[in-house]
Asker: 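Quick one: the structure is below, questions incoming.
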Protein chains: 2
Amino acid sequence: MPEHAQPIVTVDVVILSLQDGALNVALVRRDHEPHAGDWSLPGGWVHADQDADALAAAYRILAAKAGLDSPYLEQLKTFANRHRDARGWSVSIAHYALVPMTQAAAPQVKWRPVDDIGSLPFDHAEILRTAVERVRSKTAYSSLPVHLMPPTFTLTELQRVYEQVLGMALDKRTFRRRIEELNLVEPAAAARDAAAAHRPAQRYRVKRRFGKELAMSDRNLV
Amino acid sequence: MPEHAQPIVTVDVVILSLQDGALNVALVRRDHEPHAGDWSLPGGWVHADQDADALAAAYRILAAKAGLDSPYLEQLKTFANRHRDARGWSVSIAHYALVPMTQAAAPQVKWRPVDDIGSLPFDHAEILRTAVERVRSKTAYSSLPVHLMPPTFTLTELQRVYEQVLGMALDKRTFRRRIEELNLVEPAAAARDAAAAHRPAQRYRVKRRFGKELAMSDRNLV
DNA sequence: ACAATAGTGTCTGTCAGACAATATACA
DNA sequence: TGTATATTGTCTGACAGACACTATTGT
């Protein structure tokens with residue numbers, strides 16, 4: 001067994017969703033010192049007796065601290081050094097989760113735009129930056145943003161979400177060609193937009209096999 | 001402080017190099033139980049008193065257990081669950097390192113082709129698989145494999161290394177166009193190939209600013 | 001018919017891959 | 001000159017981006 005003092009191990013989760021047309025992160029108030037009462041990323045100790053692995057711990061934290069479920073949760077990176085927590089050498093196995101924009105969080109959660117965050121405790125600002133970079137990078141060549149969508153959506157709505165995540169305009173023709181190549185969505189029968197003074201859009205849903213997976217493109221989507 | 005039993009934290013390093021024209025991994029014999037005497041990935045406890053962060057621990061392990069230095073060492077993924085080590089819930093912050101094919105390892109190191117590994121202790125086979133996947137993936141759109149090269153090399157040699165890492169043939173014209181676009185290498189003056197009955201190749205070296213960095217392409221290299 | 005958004009057709013410049021032509025060593 | 005590898009030129013099919021045209025709804 002180890003001869004050296006062992007580090008503290010925690011799991012933190014960057015929960016991302018769309019609110020008011022912008023990528024937002026879920027923050028919660030810290031229960032304990034240090035930084036008690038400050039808004040921070042939800043996180044917690046590994047519960048060795050109940051968490052099978054780090055991913056399970058992240059799902060537990062997502063549910064317990066934010067009241068959310070996620071169709072896409074994965075490990076981001078591990079932040080481990082002697083400076084990030086004044087209590088000593090500590091390890092945060094950081095994860096990130098995408099949550100559909102229609103899902104309601106627990107009342108203690110505050111959503112904040114990822115590009116307009118004040119300061120966060122520990123190295124949570126760096127963890128958030130890393131998560132947003134990862135999401136933007138994956139968005140460019142995969143179906144990642146569909147996990148931010150409601151159960152059915154139009155292609156125009158999906159394109160808006162890609163644009164909001166990437167922060168840039170996309171060409172309609174190219175975007176639709178790519179989505180078709182990914183073989184990602186199928187028409188959601190009979191459900192059409194509410195009446196409006198223009199042609200209604202076809203609504204789509206993500207094909208079942210991409211429920212928890214990603215469709216990857218070998219070339220860039222945008 | 002934590003109310004729950006804390007996991008064990010280790011750092012493991014997947015050290016990759018080219019040997020005999022194939023991607024190889026460095027294995028060492030384990031000192032201690034469990035699996036004492038078995039060949040495994042080099043790893044060890046975090047030394048909270050001397051390692052500033054996980055990356056520093058990986059560099060320490062690279063030097064101390066394999067006698068190597070690496071121009072490219074980064075975090076891979078963290079393997080954390082209750083099953084990987086019979087002693088209990090444990091965390092391995094896994095890293096991977098590329099080492100130039102000309103660098104000699106310590107005598108206790110055994111190089112093994114990554115596609116022909118027997119069984120490895122713990123989940124080291126899975127860690128190795130993940131590392132090789134990552135390297136192949138990054139090779140497709142970045143300059144990663146230059147860190148396997150000796151100080152100077154020809155473009156043909158560089159192409160062979162890309163091909164050996166990816167396991168597929170590349171088109172010469174396309175490859176050279178991409179490398180030029182990356183603005184990655186510069187001619188190594190006056191150093192030309194040994195005499196041979198054909199035109200000698202220009203030798204190149206990696207530009208200084210890519211010594212520890214990667215050049216990324218926005219499209220695929222291959 | 002008009003307005004507004006959805007959806008599709010198509011042109012054009014760019015470029016990856018293929019392949020050929022030229023260059024430069026030594027024998 | 002012949003052989004072998006290096007290096008560069010160039011053709012062609014594919015396709016991303018641009019843009020316009022058609023489709024479909026309510027007013």
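Reckoned from all heavy atoms, side chains included, excluding hydrogens, waters and symmetry mates. The sequence lines fix the lettering, A, B, ..., with proteins before strands; numbering per chain opens at 1.
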Asker: Rounded off to whole Å, could you give me the CG-to-C1' distance for the A:Leu155 and D:dA23 pair?
Answerer: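 In whole Å, D:dA23 C1' and A:Leu155 CG are 16 Å from each other.
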
Asker: Show me the side-chain donor-acceptor pairs of residues 95-104 of chain A shorter than 3.5 Å, one per line, residues at least two apart or across chains.
Answerer:
from: A:His95; atom 1: ND1; to: A:Ile93; atom 2: O; distance (Å): 3.1
from: A:Tyr96; atom 1: OH; to: A:Glu74; atom 2: OE2; distance (Å): 2.6
from: A:Gln103; atom 1: OE1; to: A:Asp69; atom 2: N; distance (Å): 2.7
from: A:Gln103; atom 1: NE2; to: A:Asp69; atom 2: O; distance (Å): 3.0

Asker: Does the side chain of A:Leu120 come within less than 4.5 Å of A:Leu27's, by heavy atoms?
Answerer: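 Answer yes - side chains close enough.
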
Asker: Please state how far atom CZ in B:Phe175 lies from atom C1' in D:dT8, giving the value in whole angstrom units.
Answerer: 16 Å

Asker: Return the value, rounded to whole Å, for the distance between atom CZ of B:Arg203 and atom C1' of D:dT5.
Answerer: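 Taking CZ of B:Arg203 and C1' of D:dT5, I get 14 Å after rounding.
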
Asker: For A:Arg176 and D:dA23, what is the distance between atoms CZ and C1' respectively, to the nearest whole Å?
Answerer: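 Rounded to whole Å, this separation is 12 Å.
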
Asker: Under the ring pair (Phe, Tyr, Trp, His ring centres under 6.0 Å) rule, collect the residues that match up with A:Phe153, sequence neighbours excluded.
Answerer: none

Asker: Among C:dG17, D:dT5, C:dA6, which is the nearest nucleotide to the side chain of A:Thr156?
Answerer: C:dA6

Asker: Considering residues at least two apart in sequence or located in another chain, which fulfil the salt bridge (Lys or Arg N to Asp or Glu O under 4.0 Å) criterion with B:Arg60?
Answerer: B:Asp51

Asker: Can you sort out the partners of B:Arg176 under side-chain contact (heavy atoms from CB on, under 4.5 Å), two or more places apart, ordered by chain and number?
Answerer: B:Leu155, B:Thr156, B:Lys172

Asker: Can you give me the N/O atom pairs linking the protein to nucleotides 21-23 of chain C at distances under 3.5 Å, or say none if there are none?
Answerer:
from: C:dA23; atom 1: O4'; to: B:Arg199; atom 2: NH1; distance (Å): 3.4
from: C:dA23; atom 1: N3; to: B:Arg199; atom 2: NH1; distance (Å): 3.3

Asker: Determine, for nucleotides 9-15 of chain D in 5'-to-3' order, which nucleotides have protein heavy atoms under 4.0 Å from the base (write B), from only the sugar-phosphate (write S), or from neither (write -).
Answerer: BB-----

Asker: Going by ring pair (Phe, Tyr, Trp, His ring centres under 6.0 Å), name the residues that satisfy it together with B:Phe122, two or more places apart in sequence or in a different chain.
Answerer: B:His35, B:His124

Asker: Rounding to an integer number of Å, can you tell me how far B:Ile179 CD1 sits from D:dT8 P?
Answerer: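 Distance check: B:Ile179 CD1 to D:dT8 P gives 14 Å.
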
Asker: Looking at residues at least two apart in the chain, or sitting in another chain, which of them share a side-chain contact (heavy atoms from CB on, under 4.5 Å) with A:Asn24?
Answerer: A:Gln19, A:Ala22, A:Trp111, A:Pro113

Asker: Look at the aromatic rings of B:His147 and B:Tyr72 and report parallel, tilted or perpendicular, splitting at 30° and 60°.
Answerer: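 Plane angle under 30°, so parallel.
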
Asker: Which pairs count as salt bridge (charged side-chain N to carboxylate O under 4.0 Å, His left out) when at least one residue sits in residues 101-120 of chain A, sequence neighbours excluded?
Answerer: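 Passing the test, one end in residues 101-120 of chain A: A:Arg112-A:Asp116, A:Asp115-A:Arg136.
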
Asker: Select one nucleotide: of C:dG7, C:dT24, C:dC26, the one nearest the side-chain heavy atoms of B:Ala197.
Answerer: C:dC26

Asker: Could you state the CD-P distance from A:Gln159 to C:dT8, rounded to the nearest angstrom?
Answerer: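 Result: 14 Å.
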
Asker: Report the distance from atom NE2 of B:His198 to atom C1' of C:dA27, rounded to the nearest whole Å.
Answerer: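 To the nearest whole Å, that distance equals 12 Å.
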
Asker: The side chain of B:Gln202 is closest to which nucleotide in this list: C:dG7, D:dT7, D:dA16?
Answerer: D:dT7

Asker: To the nearest Å, how far apart are A:Asp171 CG and C:dC11 C1'?
Answerer: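 The answer, rounded to whole Å, is 14 Å.
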
